[in-house]
Number of protein chains: 2
Amino acid sequence: MADQSVSDIVVGRLPLYLRALDVMSKSGQSFVSSHELARWLGTSSAQIRKDLSQFGEFGVQGRGYDVHELRANLRHILHLEREWAVVVVGAGRLGSAVASYPGFAQRGFTICALFDNHPDKIGQLIGNLRVRPMSELADFVQAHRVRIAMIAVPASAAQEVADQLVQAGVRAILNYAPIDLVVPPSVRVENVDPALQLQHMTYYLSEE
Amino acid sequence: MADQSVSDIVVGRLPLYLRALDVMSKSGQSFVSSHELARWLGTSSAQIRKDLSQFGEFGVQGRGYDVHELRANLRHILHLEREWAVVVVGAGRLGSAVASYPGFAQRGFTICALFDNHPDKIGQLIGNLRVRPMSELADFVQAHRVRIAMIAVPASAAQEVADQLVQAGVRAILNYAPIDLVVPPSVRVENVDPALQLQHMTYYLSEE
DNA sequence: TAGATTGTTAATCGATTAACAATC
DNA sequence: TAGATTGTTAATCGATTAACAATC
């Protein structure tokens with residue numbers, strides 16, 4: 001009922017619920033029960049009801065949840081009613097791909113700048129962004145009040161980049177470098193390392 | 001001691017330990033204590049010792065763990081002593097980036113084929129791979145005994161691709177499409193959806 | 001030996017599940 | 001009203017942490 005302190009694990013499931021609701025909404029479905037949503041997502045209906053109940057009473061007994069309304073509520077809870085500006089650091093192969101990936105803009109994240117420290121990269125046009133030198137990073141982040149950054153530099157440079165981003169005011173980092181960043185507790189970090197996910201799965205694959 | 005049935009959450013941490021050991025190994029460190037590893041990874045030493053103890057007794061009292069030896073043990077446990085062949089389905093922007101990303105090969109995953117069903121794409125050279133038509137998928141997977149696939153097609157096509165992959169004998173899928181795949185219990189799926197991770201973090205960002 | 005760190009047990013903590021009264 | 005599904009409580013389950021004897 002009150003959201004005085006919701007577990008991070010519950011918060012992490014909300015975007016998943018939202019993604020499912022987006023699809024249902026597009027397909028014109030107007031109501032959904034916790035059972036149906038659970039089947040869709042491969043969880044349990046009890047978990048969905050429990051999770052949602054931490055933030056309010058969004059359902060209707062006997063009917064389920066209004067898809068459009070629940071979607072709006074989740075977007076509000078997750079602060080997704082606004083556009084978020086994001087900077088990308090690293091304009092190599094990975095950084096370029098990340099910066100041009102249309103999936104971010106579709107879900108409310110506008111990539112507004114791309115930084116690199118390599119002279120050959122600076123000034124290049126990637127997608128519709130000109131690569132900027134690292135020396136402009138702090139000023140840019142402050143001037144545009146950017147709160148979110150993605151790191152796509154080699155592991156050896158990632159921590160230093162993270163330090164600079166935090167110093168400049170970034171509060172959330174999506175880290176593509178295969179290394180554990182050290183940041184103050186007020187800054188969130190999420191890691192993307194698909195090779196790690198493959199290595200998790202190979203445990204279950206028998207040797208040929 | 002016995003690995004009769006280790007929780008998936010523990011298995012998922014092993015690649016993280018391995019990644020840290022790779023770095024330590026390269027920097028020439030020969031022993032590491034659970035405390036040091038925990039500091040490095042931002043976990044607790046008790047958790048590391050508990051996790052590792054599920055698979056054997058790898059440490060030495062008073063000294064810690066031999067970096068090289070523990071690394072070898074983890075690689076063995078995770079079935080990473082061999083190269084794994086991987087196919088990528090989807091040769092769009094995302095699939096191309098994924099197929100050319102050198103991070104997979106570095107960690108033992110060889111991308112050996114790239115498939116797409118779009119006539120314009122088929123035959124194109126991406127990195128050193130020629131894009132193959134979907135019609136060749138099943139034969140290729142069977143002939144080369146491929147067990148791992150990555151899906152990088154639009155959400156609307158992902159489930160059908162997954163069905164074909166499973167049918168052909170794939171046992172582990174890394175899914176880049178923003179949708180929950182339905183597969184038999186013998187097949188593992190891991191999802192990559194960075195936008196979801198951003199949406200998780202925005203919860204903690206105050207409105208401006 | 002003295003100091004350090006493991007592997008493991010027991011205690012704690014938190015998350016998931018089951019069940020059901022409330023109610024649309 | 002009868003049927004369905006919520007929100008919530010209590011019970012279960014599992015994961016993390018603390019502590020320490022064993023031992024290098």
Side-chain angles (χ1 to χ4, degrees), chain A residues 1-17 20-21 24 29-74 77 180 200 203, chain B residues 1-17 20-21 24 29-74 77 180 200 203:
Chain A
M1 203 153 209
D3 68 332
Q4 60 128 356
S5 184
V6 177
S7 126
D8 185 59
I9 211 168
V10 172
V11 176
R13 281 193 293 258
L14 300 185
L16 237 19
Y17 300 162
L21 290 166
M24 290 173 172
Q29 186 172 350
S30 56
F31 263 82
V32 65
S33 70
S34 58
H35 296 274
E36 188 183 359
L37 198 50
R39 225 177 307 121
W40 189 292
L41 292 165
T43 4
S44 74
S45 61
Q47 180 163 86
I48 290 174
R49 291 199 303 279
K50 191 109 211 283
D51 285 355
L52 296 178
S53 74
Q54 313 251 338
F55 300 94
E57 307 194 357
F58 303 125
V60 182
Q61 281 100 326
R63 296 270 277 140
Y65 300 87
D66 181 304
V67 170
H68 191 76
E69 208 176 278
L70 183 54
R71 181 173 174 275
N73 276 305
L74 290 178
I77 292 164
D180 284 286
H200 182 173
Y203 174 80
Chain B
M1 203 152 209
D3 68 331
Q4 60 129 354
S5 185
V6 177
S7 125
D8 185 58
I9 209 168
V10 171
V11 176
R13 280 193 294 258
L14 300 186
L16 237 20
Y17 300 163
L21 290 166
M24 289 172 174
Q29 186 172 349
S30 56
F31 262 83
V32 65
S33 70
S34 58
H35 296 275
E36 190 183 358
L37 198 51
R39 226 178 305 122
W40 188 294
L41 291 165
T43 5
S44 74
S45 61
Q47 180 163 85
I48 289 174
R49 291 199 303 281
K50 191 109 210 284
D51 286 355
L52 295 178
S53 74
Q54 314 249 340
F55 300 94
E57 307 192 359
F58 303 125
V60 181
Q61 281 101 328
R63 298 269 277 138
Y65 301 87
D66 181 304
V67 170
H68 192 75
E69 208 177 277
L70 182 55
R71 180 172 174 276
N73 275 305
L74 289 177
I77 292 164
D180 285 284
H200 182 173
Y203 174 79

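As the structure is a computational prediction, the values presented were derived from the model and not from experiment.
In this entry the distance linking CZ of B:Arg63 with C1' of C:dA2 reads 16 Å, nearest Å. Distance A:His35 NE2 to D:dG7 P: 12 Å, rounded to the nearest Å. Taking atom CD on B:Gln61 and atom C1' on D:dT23, their separation rounds to 5 Å, with Å as the unit. Rounded to whole angstrom, the span from the CG atom of B:Leu70 across to the C1' atom of C:dT5 amounts to 14 Å. Atom P of nucleotide C:dC24 and atom CZ of A:Phe31 are separated by 13 Å, given to the nearest angstrom. Between the CD atom of B:Gln54 and the C1' atom of C:dT6 there is a distance of 15 Å, given to the nearest Å. The distance between atom CG of B:Leu52 and atom P of C:dT8, rounded to the nearest whole Å, is 12 Å. Rounded to whole angstrom, the span from the CD atom of A:Glu57 across to the P atom of C:dA22 amounts to 14 Å.
A:Leu52 and A:Phe58 make their closest contact through O-CE1, 3.7 Å (heavy atoms, listed as atom of the first residue, atom of the second, distance). Between A:Ile48 and A:Ser34, the shortest heavy-atom distance links the atoms CD1-O, 3.8 Å.
When each of D:dC24, D:dT6, C:dT6 is scored by its nearest atom to the side-chain atoms of A:Ser34, the top-ranked nucleotide is D:dT6. Listed nucleotides D:dT6, D:dT23, C:dG7 differ in distance to A:Ser33; the shortest reach to its side chain belongs to D:dT6.
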Check your understanding: Using Watson-Crick and G-U wobble pairs whose two distances are both under 3.5 Å, how do you write the pairing of DNA chain C as dot-bracket, with | for links to another strand?
Key -> ..||||||||||||||||||||||
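Remark: B:Tyr65 is in phosphate contact with C:dG7, judged by side-chain N or O atoms under 4.0 Å from OP1 or OP2.
Atoms OG and CD, from A:Ser44 and A:Gln47 in turn, are 5.0 Å apart once rounded to the nearest 0.5 Å. The CG atom of A:Leu74 lies 6.0 Å from the CG atom of A:Leu21; values are rounded to the nearest 0.5 Å. Considering CG of A:Asp180 and CZ of B:Arg39, their distance stands at 14.0 Å, rounded to 0.5 Å. Taken to the nearest 0.5 Å, the CG atom of B:Leu16 stands 12.5 Å off from the CH2 atom of B:Trp40. Here CG of A:Asp51 is found 8.0 Å from OG of A:Ser7. Values are rounded to the nearest 0.5 Å.
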Exercise for review: Determine, stepwise, if the pair A:Met24 / A:Arg71 fulfils side-chain contact (heavy atoms from CB on, under 4.5 Å).
Suggested key: CA-CA 10 Å; A:Met24 290 173 172; A:Arg71 181 173 174 275; over 6 Å; no
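Contact of the B:Arg49 side chain with the B:Tyr65 side chain is registered, since non-hydrogen atoms from C-beta on lie closer than 4.5 Å.
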Exercise for review: Going 5' to 3' through nucleotides 11-21 of chain C, assign each nucleotide B (protein heavy atom under 4.0 Å from a base atom), S (under 4.0 Å only from sugar-phosphate atoms) or - (no protein heavy atom that close).
Suggested key: ----SBBBB--
